[in-house]
**Student:** 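Please see the structure below; I have some questions.
Every value quoted in this text rests on a predicted model; they were computed, and no experiment measured them. Read the numbers this way: they start at 1 and go in the same order the structure lists the ligands and their atoms.
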Amino acid sequence: MLALLVLVTLALASAHHSGEHFEGEKVFRVFVEDENHINLLHALASTNQIDFWKPDSVTQIKPHSTVDFRVEAEDISTVEDFLEQNELQYEVLISNLRSILEAQFDSQVRATGHSYEKYNNWETIEAWTQQVASENPDLISRSAIGTTFEGRTMYLLKVGKPGPNKPAIFMDCGFHAREWISPAFCQWFVREAVRTYGREIHMTEFLEKLDFYVLPVVNIDGYVYTWTKNRMWRKTRSTYDGTKCIGTDPNRNFDAGWCKLGASRNPCDETYCGPAAESEKETKALANFIRNNLSSIKAYLTIHSYSQMMLYPYSYDYKLTEDNVELNALAKATVKELATLHGTKYTYGPGATTIYPAAGGSDDWAYDQGIKYSFTFELRDKGRYGFALPESKIRPTCEETMLAIKHIANYVLEHPY
Ligand SMILES: [Zn+2]
């Protein structure tokens, strides 16, 4: 009887975290004007289960901004009453998260295995890294740069024609587990590289003169968890003594003003910086690889979602980098190029002022290592679907992002340092 009870409890617990979990859940957008509104949202967040989508936590809300957050079904009427009683302007971005999440899988591609126009689980991506490397031995080599907390291998693809002393661009995807469009882009980039090499003059030149290091998923454990237990998981899956809460925000875990601002020391928070800089095996492996290849890496690109932004250092401080004028001009030209395909508008600027201050990010760290062209991309969309971007948007999103990455690659070639 006890065993049966335990089984039932386990079944209920796992059901709670999978599909049904999001039944009736809503995503709200609140229009914040002043400090009074911010204080109201702090009060709301302290008494209700609120999952902040944009910004990443309640502490990062700024005046004259919008705030997107997810509310569990049982708290919705409380939250709506609160917003109305306090005359906060808001709209409902998603009225039932479960149906939006089901609608994610709207790809017309019927493939059962790997597809560039579908979201692939880690098992499929892992097999793909092996296959794409073995099918293109003259252009791609695969290596392992480390293992995750749960013991998965972190594969890195080196894409380019082998040659001596080539400059390199490092690009990673999948820092935050729920940002599924991000790993989809890294896969798309590799496919486009091998598909257009020898057929399109720019890509051909890039691969002959540059190497691209592509890390398809940084936070593999978290990504697996979004497929198996909780689609809205963000952090790593590491555990530490003294807390029951799981996971560290990998993009608050780098040694760049670590945990000074825009990050939390509370392990239960979504922006937990970890017990120390590079405490996470995943961030440590990434940082070690970059440190060991600093002489060749000329650009660092990290792909996130959502909000359509192109950010450059600093985020850990309001100070500007000594390359601010150049980075600003490059970002401006890059987002202009991106918009030529589908008209998608990006904003751009230094992280701290353009979105919010956040210490411990990989772009700031890479810049301070001496990698001048260091950018964070926040891909589509602006909140209509948020993290639940449908598969039918993978193609247009990746196509336009390709233009941006190629623009940067061309710039890196023309501006050696
Ligand atoms: Zn992210």
**Student:** Is any protein N, O or S atom closer than 2.8 Å to the Zn ion (ligand 1), and if so, which?
**Tutor:** H176 ND1, E179 OE1, E179 OE2, H304 ND1
**Student:** Which residues pass the salt bridge (charged side-chain N to carboxylate O under 4.0 Å, His left out) test with D106, sequence neighbours left out?
**Tutor:** none
**Student:** Identify whether the distance between the nearest side-chain nitrogen and carboxylate oxygen of K235 and D249 falls below 4.0 Å.
**Tutor:** no
**Student:** Using ring-ring contact (aromatic ring centres under 6.0 Å, His included), reason through Y300 and Y367 one step at a time and then give a plain yes or no.
**Tutor:** CA-CA 8 Å; Y300 172 79; Y367 180 84; over 10 Å; no
**Student:** Which word best sums up how the rings of F189 and F185 line up, parallel for under 30°, tilted for 30 to 60°, or perpendicular for over 60°?
**Tutor:** tilted
**Student:** Looking at F149, is R237 sitting on its ring face, NZ or CZ under 6.0 Å from the six-membered ring centre and within 45 degrees of the normal?
**Tutor:** no
**Student:** Check this for me: does any side-chain nitrogen of one of R234 and D56 sit under 4.0 Å from a carboxylate oxygen of the other?
**Tutor:** yes
